[in-house]
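In what follows, a structure is listed as structure tokens, so that the remarks can point back to it.
Numbers for residues simply follow the sequence, beginning at 1.
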Amino acid sequence: MLRLRCTMRRWPRRRLTLPIALVAAAIAGVAWGGHEVPVYPSYYPHEITIETMPPERAGALLRDAKIQAYVGAEPSFGGDRPAAIRTVASLGDFVVVRANKASAAMTEEGAACAAAASVARDMDGKPGFILHPYPVTPFHGDYLYHADRAEAALTRLRQTGPAPPAPRVRVAGALAGLVRPEWRTDGPDWDVSVEAVDAAGLVAATRVSIDGWLGPPWLKSGWFHAVRLLADAIDDPAARLRIDGLVEQIELGAYWDLVHRINLERDVVAALTAGCRALVAGYTLRQHAFSAEFTNGIENIGFDSIEGFNSPMFIRTVKLKDFPWNGWLALGVDGSPAAAWNPIAGFDDGFGRLLWSAVGDPALLPQPYDAGWMLNRISDVQENAGSR
């Protein structure tokens, strides 16, 4: 029997409990003793509880092993992280430097390039920021197809030329610490902006949970993320037309072989990064905390390189330590439900995606550390005639 209970708590007091009926199958037979079957058919817990909570509360519950994992921002423990609390990292935010088209200082492409490069170089070494001036990162499954160009872009960025005038930078939130104070401005006159784009949000925005389908084949590919990050900064109609044509070739499968497809993807990224109106300067990491405490913790954890714990792979692999197979899994999530909550209109908020990972049963799942897909319940096993 499988039961899922989702507890939705809106900060600070309002609480709503939503029972969800799932698959419940029992095989009746002759019972000769009072012991249950020692082997269960899967890692699924008896009950999964999902509750929304702020990071401060999640830290206390993880420390006391009242929840096994927190899906969201890094929880706060009010001090050093307890030894029983472990973390795994996924891609957090793309850090994008954009030139202001309305700024008189940014009218020339050379000035925009110099300002964007200057801001990116100055952020290098700041806590939490990884300098990587290329939109395909090591967390993307197709990174090896772009590694040479990513290294070349980093080398070019670090080759300093004549110092440009100090740029006026618009930045807000957690990224403010990446930009030196004398460059920051809150006024309407600014030269470049520094923005954070959530990598998991890019993936979630293209998901469609309907009829066993989760999204396009290139859902987690770096070239596809590059299009979503940088295409709107291309002003030249001819360049935009060429990019659209390359993307259409890839999406329609209009290529001869794998090598041709990879070259098309590299051409797309090259065209998107040819200018400096928008520059992916680097990225941040997102830490996902879980309890490894014995016996109330979890183990055998699979997670997604971009979406972290909020992925089908986490739910399908996580194993509780206090039962051989099943048990009671309690998860915290940092956002209240806000989506339509049906397979057609979308489980596209954080809570809904986690819920659908547990109740959905698609034929294919995104590979956790790659850009491709894997079979959910069966595998393609090749027969070995020599073993007969």
Any carboxylate oxygen within less than 4.0 angstrom of a Lys/Arg side-chain nitrogen, looking at [X] and [Y]?
X      : Y      : value
Asp142 : Arg261 : no
Glu51  : Arg57  : yes
Arg98  : Asp232 : yes
Asp235 : Arg277 : no

Item to check | Non-hydrogen side-chain atoms of Tyr70 and Pro55 separated by less than 4.5 Å | outcome: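 In short, these two side chains touch, coming nearer than 4.5 Å.
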Checklist entry - Is any side-chain heavy atom of Ile250 closer than 4.5 Å to a side-chain heavy atom of Phe224? => result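 Ile250 does not reach Phe224 side chain to side chain.
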Taking all heavy atoms of [X] and all of [Y], pick out the closest pair and write down the distance.
X      : Y      : value
Glu307 : Ser311 : CB-CB, 4.5 Å
Leu62  : Ser291 : CD2-N, 4.0 Å
Arg286 : Asp93  : NH2-OD1, 3.6 Å
Arg240 : Ala231 : NH1-O, 3.0 Å
Met123 : Val97  : CE-CG2, 4.2 Å
Ala99  : Cys276 : CB-O, 4.4 Å

Can I get a per-line list of side-chain donor-acceptor pairs under 3.5 Å for residues 75-82, giving both atom names and the distance, sequence neighbours left out?
residue	atom	partner	partner atom	Å
Arg81	NE	Ile85	O	3.1

Checklist entry - What's the spacing between Glu299 CD and Arg86 CZ if we round to 0.5 Å? => result 11.0 Å
Item to check | From NE2 (His225) to CZ (Phe94), nearest 0.5 Å | outcome: 6.0 Å
Can you tell me if [atom1] on [X] sees more than 12 non-hydrogen neighbours from other groups inside 6.0 Å?
X      : atom1 : value
Lys126 : NZ    : yes
Asp186 : CG    : no
Glu182 : CD    : yes

Quick check: is [Y] connected to [X] through a chain of hydrophobic side chains (ILVMFWY, heavy atoms under 4.5 Å apart)?
X      : Y      : result
Leu364 : Leu219 : yes
Leu279 : Leu202 : no
Leu229 : Ile234 : yes

Checklist entry - For the residue pair His132 and Tyr283, does the interplanar ring angle fall in the parallel (under 30°), tilted (30 to 60°) or perpendicular (over 60°) class? => result perpendicular
Checklist entry - How are the rings of Phe309 and Phe290 set to each other: parallel, tilted or perpendicular (split at 30° and 60°)? => result perpendicular
Checklist entry - Which ILVMFWY residues can you reach from Trp256 by hopping between side chains whose heavy atoms are under 4.5 Å apart? => result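 Result for Trp256 is none, singleton.
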Next on the checklist: Between Ser193 and Glu195, do the side chains contain a donor N or O and an acceptor N or O under 3.5 Å apart?
Outcome noted: yes
Next on the checklist: If you take the centroid of each ring, where Trp contributes its six-membered ring, are Phe139 and Tyr369 closer together than 6.0 Å?
Outcome noted: no
Checklist entry - Would you say the side-chain atoms of Arg353 pair up with the backbone N or O of Asn310, donor to acceptor, closer than 3.5 Å? => result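 Not at all, since once roles are kept as given, no pair shorter than 3.5 Å links the two residues.
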